[in-house]
Amino acid sequence: EAGVVQSPRYKIIEKKQPVAFWCNPISGHNTLYWYRQNLGQGPELLIRYENEEAVDDSQLPKDRFSAERLKGVDSTLKIQPAELGDSAVYLCASSQSPGLARNEQFFGPGTRLTVL
Amino acid sequence: AQSVTQLDSHVSVSEGTPVLLRCNYSSSYSPSLFWYVQHPNKGLQLLLKYTSAATLVKGINGFEAEFKKSETSFHLTKPSAHMSDAAEYFCGWASYDKVIFGPGTSLSVIP
């Protein structure tokens, strides 16, 4: 079974440029999460999808970040324009359904973003 | 508010000696607690989780953790460290729909 796929793995851009990250969850997983992991810290949730609906985007900086999961499968996270403080690893995760006490969350390898 | 504290940012052990990684949580109700491991350039992998069944939880690769409500702790242990255990370890608190991760503990294993 393929795991969570993310691309690109690494991205270097200059500040004020746009950037996009792509995630393909495990087949059949309805719940998709985007996290940001700053250096030396644990992941922090940005947005959670149930199928194509964003059910928790309270931590997503909406002035510059956007996300979509149009067909309820793969998802794209965009930053426009990027700032120096956006340098981090962006992790995608999926689970079969909500209820993380009972459903395991599977993580992709992440995209390491460097903003110069 | 819920929070997770990992008391040591870095732990170093010799190969073959015991591992102890400490985690404390703050929650107004009974939590679900997790430990994840992250190897360099890899995603997080679930080691074990506590969901109000047995207080001693066994995970993969010989790791286990004990839930102690009176101490609000969920420390991770392994009797004998292996070189492949060198990684970043994250304790997490989970509700229905989100996980709050601690800041992580970096484990080094000295040959």
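Proteins come first, then strands; the chains are lettered A, B, ... in the order of their sequence lines, and each starts at number 1.
Atoms NZ and CD, on B/Lys49 and A/Gln105 in that order, are 10.5 Å from each other to the nearest 0.5 Å. Distance check, rounded to the nearest 0.5 Å: CZ of B/Phe101 to OH of A/Tyr35 gives 5.0 Å. With values rounded to the nearest 0.5 angstrom, A/Phe106 atom CZ is found 13.0 Å from B/Leu44 atom CG.
Atom CD of B/Glu66 is surrounded by more than 12 heavy atoms from other residues, nucleotides or ligands within 6.0 Å. Residue A/Gln41 qualifies as enclosed at atom CD: its count of foreign heavy atoms under 6.0 Å is above 12. Heavy-atom contacts from other residues, nucleotides or ligands closer than 6.0 Å to NZ of A/Lys16 number 12 or fewer. By the neighbour-count criterion of 12 heavy atoms within 6.0 Å, atom CG of A/Leu39 is sparsely surrounded, having that number or fewer from other residues, nucleotides or ligands.
Cluster annotation: A/Leu84 and A/Tyr10 are assigned to distinct hydrophobic clusters (Ile/Leu/Val/Met/Phe/Trp/Tyr, side-chain heavy-atom contacts under 4.5 Å, transitive). Connection of B/Val13 to B/Met83 is established within a shared hydrophobic cluster, with ILVMFWY side chains joined at heavy-atom distances below 4.5 Å, either directly or through further cluster members.
Only the side chain of A/Gln37 comes within contact range of chain B, with at least one heavy atom under 4.5 Å from a heavy atom of that chain. There is no contact between B/Gln6 and chain A, counting heavy-atom distances below 4.5 Å.
Considering only heavy-atom pairs separated by less than 4.5 Å from chain B, the leading option among A/Ser95, A/Gly40, A/Gly42 is A/Gly42. If you tally non-hydrogen atom pairs under 4.5 Å between each of A/Gly108, A/Ala93, A/Pro43, A/Gly110 and chain B, the highest count goes to A/Pro43.
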